[in-house]
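Heads up, the thing below is written out as structure tokens.
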Amino acid sequence: MSDLQRTHTCGQLRKEDAGSEVTLSGWVDTRRDHGGVIFIDLRDRYGKTQIVFNPEHNSEAHQQASTLRSEYVIALKGKVTERPEDMVNPNLDTGEIELFVDKLEILNTSETTPFEITDDTEVSTELRLKYRYLDLRRPVMQKYLAFRHKVCQVARQYFDRNNFIEVETPFLTKSTPEGARDYLVPSRINRGQFYALPQSPQLFKQILMVSGLDRYFQIVKCFRDEDLRAQRQPEFTQLDLEMSFVREDDVINIIEGLMVDIFSKVLNKEITTPFPRLSYHDAMKMYGCDAPDLRFGMTIEEITDIAKKTDFKVFQKVAESGGQVRGINATGCASLSRKEIDELTTFVNQFGAKGLAWFKVDESGLTSQIAKFFTAEEQSEIKERFKAAPGDLLLFVADKESVVSQSLSQLRLNIGKRNGLIPARPHSGGNEKEFNFSWIVDFPLLEFNEELGRYDSLHHPFTSPRQEDLQILEERPLDVRARAYDIVLNGVELGGGSIRIHRPDIQKRIFHLLNIDDETAQKRFGFLLEALKYGAPPHGGIALGLDRMVTILLGLDDIREVIAFPKTQKATCLMVDAPSEVDENQLKDLGISLRKPE
RNA sequence: GGGGCCGUAGCUCAAUUGGUUAGAGUACCAGACUGUCGAUCUGGAUGUUGCGGGUUCGAGUCCCGUCGGCCUCGCCA
């Protein structure tokens with residue numbers, strides 16, 4: 001190890017330290033060689049300090065300094081000196097001082113890095129992930145990781161204050177084929193058998209309630225073997241909790257309190273509670289999705305009734321065959337060109353919409369290629385319904401409900417961005433961040449899976465139906481409401497939870513509805529059904545996507561920015577090159593032989 | 001599994017309808033320079049145009065395949 005042991009960090013020294021002898025260590029950030037005097041910005045996690053090598057101060061150090069290059073790791077001892085007033089750098093916390101070097105030690109050299117270690121360079125994701133250790137050297141990345149750490153610390157303290165106990169649950173556990181695809185781990189000791197990595201600790205936390213833990217939380221990795229998105233990684237972190245003897249409001253209150261705490265302690269911001277609540281039904285009706293962005297209006301309106309009366313065949317046919325016609329008012333968008341509207345049409349095509357009908361609103365009424373199919377009354381009825389004013393553009397999708405909802409929900413966001421209704425990201429020069437929380441409640445318990453011709457849980461099979469809906473469980477299952485709730489932030493589902501079923505008879509009825517027979521239920525969830533027999537308390541909980549939450553709080557849009565070592569879209573790690581092939585011997589131990597792809 | 005965008009110097013990108021020796025900025029290297037902080041000035045080096053095949057007199061450019069990255073639909077109880 002070096003003779004020089006640091007006494008301060010690179011973000012620490014101030015005017016008051018002038019005159020003292022200090023030792024600093026860190027990376028060479030930039031080098032400015034004036035021949036006579038050489039300046040180095042020395043960087044570590046805490047900041048940067050300007051280092052001065054002046055031949056008149058110490059010629060030996062100055063000579064050594066000419067060999068320094070970017071990312072060399074050095075230690076140096078010297079004298080803190082106050083900078084003359086006109087040489088202060090206001091962009092640096094340490095900008096009022098600089099360090100005149102007496103002794104320099106090069107702890108390590110560095111090859112030229114594949115990209116520059118600065119906050120503002122644009123480098124491909126591929127390179128950043130391959131050289132993640134260099135990427136993480138960028139101050140902004142360290143800021144993100146520290147921010148995430150702080151969120152976790154605040155959460156831990158909050159839960160501790162509120163009597164929650166952090167309990168670790170197993171990673172090597174049991175496959176549950178419902179839901180997402182499992183990551184499987186072969187067992188060597190039990191040949192031919194597999195563990196699964198948990199998609200969430202759902203059943204364990206319920207079991208902990210049966211155990212009487214009363215309040216559990218965990219910040220825990222979960223694994224889902226599904227295709228990736230900017231908002232979705234195969235391994236991600238949940239802030240998971242479960243509580244006994246609670247109703248919906250108790251869980252909601254705990255989470256609102258947590259959010260208040262995080263905002264005040266991490267962002268130094270006040271937020272007001274309670275968060276508004278919106279029923280699933282209303283969310284779908286007004287926004288076309290169950291995680292609406294409530295930072296702006298532009299709600300969806302339905303005109304199926306008008307559509308039925310018109311001479312416009314497309315509308316008519318859809319309206320009469322059980323579909324619906326709904327639309328949004330893209331306020332002020334009448335100026336969009338034909339080409340731009342065509343682009344919007346292509347945009348909704350990807351959600352299954354066959355087309356996009358539109359009207360431009362002007363002083364005289366509605367104009368478009370299809371306006372002639374609508375009588376004056378129908379036109380004014382439509383105008384009325386959308387409170388349309390001259391300059392507006394009305395956009396319609398006619399199809400089955402799911403297609404209409406999804407298309408319009410996405411179209412609404414698209415127009416919202418176009419019209420500047422969604423605030424710009426702060427790092428892209430935007431202004432104050434806006435955070436809009438809401439709860440979506442009154443979810444249906446089940447949905448009908450057309451593909452498989454059966455009912456699926458909307459949430460998961462352990463969600464409790466409402467007590468008063470139990471009597472119609474078998475007769476009108478789609479009308480049964482769940483005791484579930486989702487928390488939404490700026491149009492992103494942050495998390496969801498529910499009051500669980502705590503009685504084995506009801507749990508069995510749900511399994512039956514889901515077409516899971518006794519034998520299968522026993523095989524997969526027998527331990528839960530068994531546990532529920534022994535005095536399981538009423539309980540409920542929630543899980544929040546930590547990666548998503550941190551991403552949004554930082555005003556970013558890619559969760560990879562807040563994950564130290566994320567995967568690519570093909571679920572690989574470019575840095576360690578995982579997944580990879582394994583030795584034949586390892587497979588032999590596991591009793592596995594690979595089937596060659598055809 | 002489907003659709004789309006992309007791959008050119010270490011990095012970020014350019015290169016007319018297919019046309020001669022593939023350029024710029026930056027980084028890098030060398031020299032100059034005692035107050036810079038995106039240092040400056042002068043000079044220099046840098047390419048299997050992801051890979052394989054095809055079309056063509058001629059391919060960075062067109063076609064097929066393949067690998068990789070990104071976005072997206074499906075999927076994600």
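Lettering follows sequence order; numbering is per chain, from 1.
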**Message:** Measuring only the P atom in each nucleotide, how far is B:G10 from B:U17? A whole number of Å is fine.
**Reply:** 28 Å
**Message:** Would you say the rings of A:Phe204 and A:Tyr216 are close, in the sense that their centroids are separated by under 6.0 Å?
**Reply:** no
**Asked** Under 5.5 Å between ring centres and under 30° between planes: does that hold for A:His34 against the base of B:A39?
**Response** yes
**Asked** For the rings on A:His8 and A:Tyr46, is their centre-to-centre separation under 6.0 Å?
**Response** no
**Message:** In whole Å, I'd like the distance from the CD1 atom of A:Ile559 to the P atom of B:C70.
**Reply:** 12 Å
**Request:** Give the rounded distance in Å between these two atoms: CZ of A:Phe53 and P of B:G35.
**Result:** 17 Å
**Complete:** Across every strand shown, the nucleotide meeting Watson-Crick or G-U wobble geometry with B:C5 (both distances under 3.5 Å) is B:G69
**Prompt:** Counting only Watson-Crick or G-U wobble pairs whose two distances fall under 3.5 Å, which nucleotide matches B:G58?
**Reply:** none
**Request:** Could you tell me whether A:Asp469 and A:Arg466 have a side-chain N and a carboxylate O separated by less than 4.0 Å?
**Result:** no
**Asked** Which part of the nucleic acid, if any, lies within contact of A:Leu92, taking any heavy atom under 4.0 Å across all strands shown: a base, the sugar-phosphate backbone alone, or nothing?
**Response** nothing
**Prompt:** Which part of the nucleic acid, if any, lies within reach of A:Gln350 when heavy atoms closer than 4.0 Å are counted: base, sugar-phosphate only, or nothing?
**Reply:** sugar-phosphate
**Message:** With rounding to the closest Å, how many angstrom separate the C1' atoms on B:U49 and B:G2?
**Reply:** 30 Å
**Request:** Take the protein atom NZ of A:Lys570 and the nucleotide atom C1' of B:G1, then report the distance between them rounded to whole Å.
**Result:** 13 Å
**Request:** Nearest whole angstrom, please: distance from the C1' of B:C70 to the CD of A:Glu126.
**Result:** 10 Å
**Message:** Please report the distance, rounded to the nearest Å, between CD in A:Gln569 and C1' in B:C5.
**Reply:** 12 Å
**Request:** Could you please name the option among B:U34, B:C73, B:C37 that lies closest to any side-chain atom of A:Asp41?
**Result:** B:C37
**Complete:** Closest to the 5' end of RNA chain B, once A:Lys567 and A:Phe351 are matched to their nearest nucleotides, is A:Lys567
**Prompt:** How is A:Leu127 classified with respect to the nucleic acid when contacts are heavy atoms under 4.0 Å: base, sugar-phosphate, or nothing?
**Reply:** sugar-phosphate
**Prompt:** Whole-Å distance between B:G38 C1' and A:Lys48 NZ?
**Reply:** 11 Å
**Prompt:** Can you say whether the rings of A:Phe462 and A:His460 are parallel (under 30°), tilted (30 to 60°) or perpendicular (over 60°)?
**Reply:** tilted
**Prompt:** Would you call A:Glu235-A:Lys567 a salt bridge at under 4.0 Å N-O?
**Reply:** yes
**Message:** Quick one, A:Lys48 and A:Asp93 - any side-chain contact, counting heavy atoms below 4.5 Å?
**Reply:** no
**Request:** Measure the acute angle between the ring planes of A:Tyr455 and A:Phe448, then classify it against the limits of 30° and 60° as parallel, tilted or perpendicular.
**Result:** perpendicular
**Asked** For B:U26, which nucleotide is its Watson-Crick or G-U wobble mate, given both distances must be under 3.5 Å?
**Response** B:G10
**Request:** Please confirm whether the backbone N or O of A:Arg454 pairs with a side-chain atom of A:Asn449, one donor and one acceptor, at under 3.5 Å?
**Result:** no
**Prompt:** Does a salt bridge link A:Glu561 with A:Arg128, judged by any charged N lying under 4.0 Å from a carboxylate O?
**Reply:** yes
**Item:** Distance between P atoms of B:G31 and B:C67 (Å, rounded)
**Value:** 48 Å
**Asked** For atom P, what is the distance between B:G25 and B:C41, given to the nearest Å?
**Response** 12 Å
**Request:** Report yes or no: is the ring centroid of A:Phe39 under 5.5 Å from the six-membered base ring centroid of B:U36, with the two planes under 30 degrees?
**Result:** yes
**Request:** Among the candidates B:U36, B:C11, B:C70, find the nucleotide nearest to the side-chain atoms of A:Thr125.
**Result:** B:C70
**Request:** Indicate, with yes or no, if the rings of A:Phe525 and A:Phe511 have centres closer together than 6.0 Å.
**Result:** yes
**Message:** Any side-chain N or O of A:Arg560 below 4.0 angstrom from OP1/OP2 of B:C70?
**Reply:** yes
**Prompt:** Which part of the nucleic acid, if any, lies within reach of A:Phe100 when heavy atoms closer than 4.0 Å are counted: base, sugar-phosphate only, or nothing?
**Reply:** base
**Prompt:** How long is the line joining CG of A:Leu129 and P of B:C70, in whole Å?
**Reply:** 7 Å
**Asked** What are the two closest heavy atoms between A:His62 and A:Asn54, and how far apart are they?
**Response** CB-C, 4.3 Å
**Message:** Using the P atom as the point on both nucleotides, what is the distance between B:G52 and B:U8, in whole Å?
**Reply:** 15 Å
**Message:** With the threshold set at under 4.0 Å for non-hydrogen atoms, list the residues of residues 220-236 of chain A touching RNA chain B in residue-number order.
**Reply:** A:Arg224, A:Glu226, A:Asp227, A:Arg229, A:Ala230, A:Arg232
Filtered N/O pairs between nucleotides 25-28 of chain B and protein, under 3.5 Å:
unit_1: B:U26; atom_1: O2'; unit_2: A:Glu116; atom_2: OE2; d: 3.1

**Message:** By the 4.0 Å heavy-atom rule, please label A:Leu458 as base, sugar-phosphate, or nothing.
**Reply:** sugar-phosphate
**Request:** Write down the distance separating the P atoms in B:G44 and B:G60, rounded off to the nearest Å.
**Result:** 27 Å
**Request:** Could you give the distance separating B:U55 and B:C13 at their C1' atoms, to the nearest angstrom?
**Result:** 29 Å
**Residue mapping more 5' on RNA chain B - nearest nucleotide basis, A:Glu56 or A:Asp86** = A:Glu56
**Request:** Check the distance between B:C70's C1' and A:Glu561's CD and give it to me in whole angstrom.
**Result:** 13 Å
**Message:** Suppose you measure atom P in B:C64 against the same atom in B:C6; what distance do you get, rounded to whole Å?
**Reply:** 15 Å
**Message:** Under 4.0 Å, counting only non-hydrogen atoms across every strand here, what does A:Thr572 touch: a base, just sugar-phosphate, or nothing?
**Reply:** sugar-phosphate
